[in-house]
Amino acid sequence: MSSVWSRPAPPRRPALTREAIVATAIAIADAEGLAAVSIRRVATELGARAMTLYSYIERKEDLLALMLDEVAAELGADGPAPDDWREALLAIARRERDLVRRHPWRMDLVAQGLPAGPNALRHVERKLAVFARLGVEPPEAWRFLAACTDYMTGYMVREARERTAPRREGVSDAERAALAEPYVRELVDGGELPHLAPMLERGVPGADDNFERGLRWLLDGIERELPR
């Protein structure tokens, strides 16, 4: 079994190409979520038989990998990063967050550990190029990259879940909070949550306020680790 990245694209047929199959799958995922994507559904949208698509895509995992890498191409569409390393990383982070807002299902695929495609690898190379400006050895640059990636992945997974949960589960965050409110109120009134209680009373700061603030805290820590 070979990698989808090393296999040549099959011969083209009018209106049915690997590119068209991937684009259709992305459109379905954007509109209805990743669970709606299947070889049969994509074939139906393209007016083809499901078995015909297997001439272009050997298995569903390949289709998902191609989808993930196709949207990763959007990350390099804005040109070179700023000269300042911190601003460059903030620009990259904004780009990644905007991508997930357009394609929330991307985080589900990232969690599956699919093999990295060429567009994803080019994006990793762009990020490592920023850290290379700092005069650190490659292992240290990789640790910095991993720390930033872990922060952004965790934040974007939560944000994507909040955006897609009502469609997937039929329950909004507000409705879920309302269901939990009597139980939480009982704990607060019983004095078990003295630090959480005032936050619940005053309201937790909006999540949108914290993405770049948290990332700047992380970059502050990286800056302290740099050679003087």
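Both backbone and side-chain heavy atoms feed into the values below; hydrogens, waters and symmetry mates do not.
- No continuous path of hydrophobic side-chain contacts links Met152 to Leu121 [ILVMFWY only; heavy atoms under 4.5 Å].
- Atom CH2 of Trp217 is separated from atom CZ of Arg213 by 6.0 Å, given to the nearest 0.5 angstrom.
- Between Arg102 and Asp30 there is no side-chain heavy-atom pair separated by less than 4.5 Å.
- Smallest separation of non-hydrogen atoms from Pro82 and Ala88: O-CB, 3.4 Å.
- With sequence neighbours excluded, the residues forming a side-chain hydrogen bond (donor to acceptor under 3.5 Å, both in side chains) with Glu45 are Arg41, listed by chain and number.
- Ile92 has its side chain within reach of Glu96: a pair of non-hydrogen atoms, C-beta onward, lies under 4.5 Å apart.
- Partners of Arg94 under the side chain to side chain contact (heavy atoms under 4.5 Å, CB included) rule, at least two apart in sequence or in another chain, are Glu87, Leu90, Ala91, Glu212, Arg216.
- For the pair Val100 and Glu159, the minimum side-chain heavy-atom distance is 4.5 Å or more.
- Partners of Glu223 by side-chain hydrogen bond (donor to acceptor under 3.5 Å, both in side chains), not counting sequence neighbours, listed by chain and number: Arg86.
- The shortest non-hydrogen separation linking Leu53 to Ala48 is CD1-CB, 4.0 Å.
- Across all their heavy atoms, Ala160 and Met107 have their closest contact at CB-CG, 4.2 Å.
- Shown here for Tyr56 and Ile21, the closest heavy-atom pair between the two residues is CB-CD1, 3.5 Å.
- With rounding to the nearest 0.5 angstrom, the CD1 atom of Ile28 is 8.5 Å from the OG1 atom of Thr44.
- One finds the CG atom of Leu89 at 7.5 Å from the CG atom of Leu215 (value rounded to the nearest 0.5 Å).
- For the atom pair CG of Leu46 and CG of Leu16, the computed distance is 6.0 Å after rounding to the nearest 0.5 Å.
- We find that Arg95 and Glu74 are not joined by a salt bridge, their nearest charged nitrogen and carboxylate oxygen being 4.0 Å or further apart.
- Legend: residues meeting ring-ring contact (aromatic ring centres under 6.0 Å, His included) with His123, ordered by chain and number and at least two apart, are absent.
- Counting heavy atoms from C-beta outward, Leu75 and Asn119 have side chains that stay 4.5 Å or more apart.
- With sequence neighbours left out, Asp98 forms a side-chain hydrogen bond (donor to acceptor under 3.5 Å, both in side chains) with no residue at all.
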Kindly indicate, with the supporting measurements, whether the criterion side-chain contact (heavy atoms from CB on, under 4.5 Å) is fulfilled by Val157 and Val110.
CA-CA 10 Å; Val157 163; Val110 168; over 6 Å; no
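- Every side chain to side chain contact (heavy atoms under 4.5 Å, CB included) that Gln112 has, sequence neighbours left out, goes to Leu34, Leu64, Leu109, Leu114.
- Between the side chain of Asp69 and the backbone N or O of Ala120, at least one donor-acceptor pair lies under 3.5 Å.
- You'll find the side chain of Met51 stays beyond 4.5 Å of the side chain of Ile39, heavy atoms only.
- In this structure, Asp220 places its CG atom where more than 12 heavy-atom neighbours from other residues, nucleotides or ligands lie under 6.0 Å away.
- To the nearest 0.5 Å, atoms CE (Met156) and OG1 (Thr149) are separated by 8.5 Å.
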Just list the side-chain donor-acceptor pairs under 3.5 Å for residues 134-144, sequence neighbours left out, or say none.
| from | atom 1 | to | atom 2 | distance (Å) |
| --- | --- | --- | --- | --- |
| Glu140 | OE1 | Arg143 | NH1 | 2.9 |

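- Geometric assessment of Arg97 against the ring of Phe211 yields a positive cation-pi assignment under the 6.0 Å and 45° thresholds.
- You'll find the side chain of Trp85 reaches within 4.5 Å of the side chain of Leu219, heavy atoms only.
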If you apply the rule side-chain contact (heavy atoms from CB on, under 4.5 Å), what do you find for Trp105 with Val37, and how did you get there?
CA-CA 11 Å; Trp105 48 268; Val37 176; over 6 Å; no
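- For Arg133, there are no side-chain hydrogen bond (donor to acceptor under 3.5 Å, both in side chains) partners two or more places apart in sequence or in a different chain.
- If you take OG on Ser55 and CZ on Arg18, they are separated by 11.5 Å, rounding to the nearest 0.5 Å.
- When every heavy atom of Arg40 is checked against every heavy atom of Ala50, the shortest pair comes out as CA-CB, 4.1 Å.
- Cluster annotation: Ile222 is connected to Leu128 through the hydrophobic network of ILVMFWY side chains, with a link wherever side-chain heavy atoms come within less than 4.5 Å.
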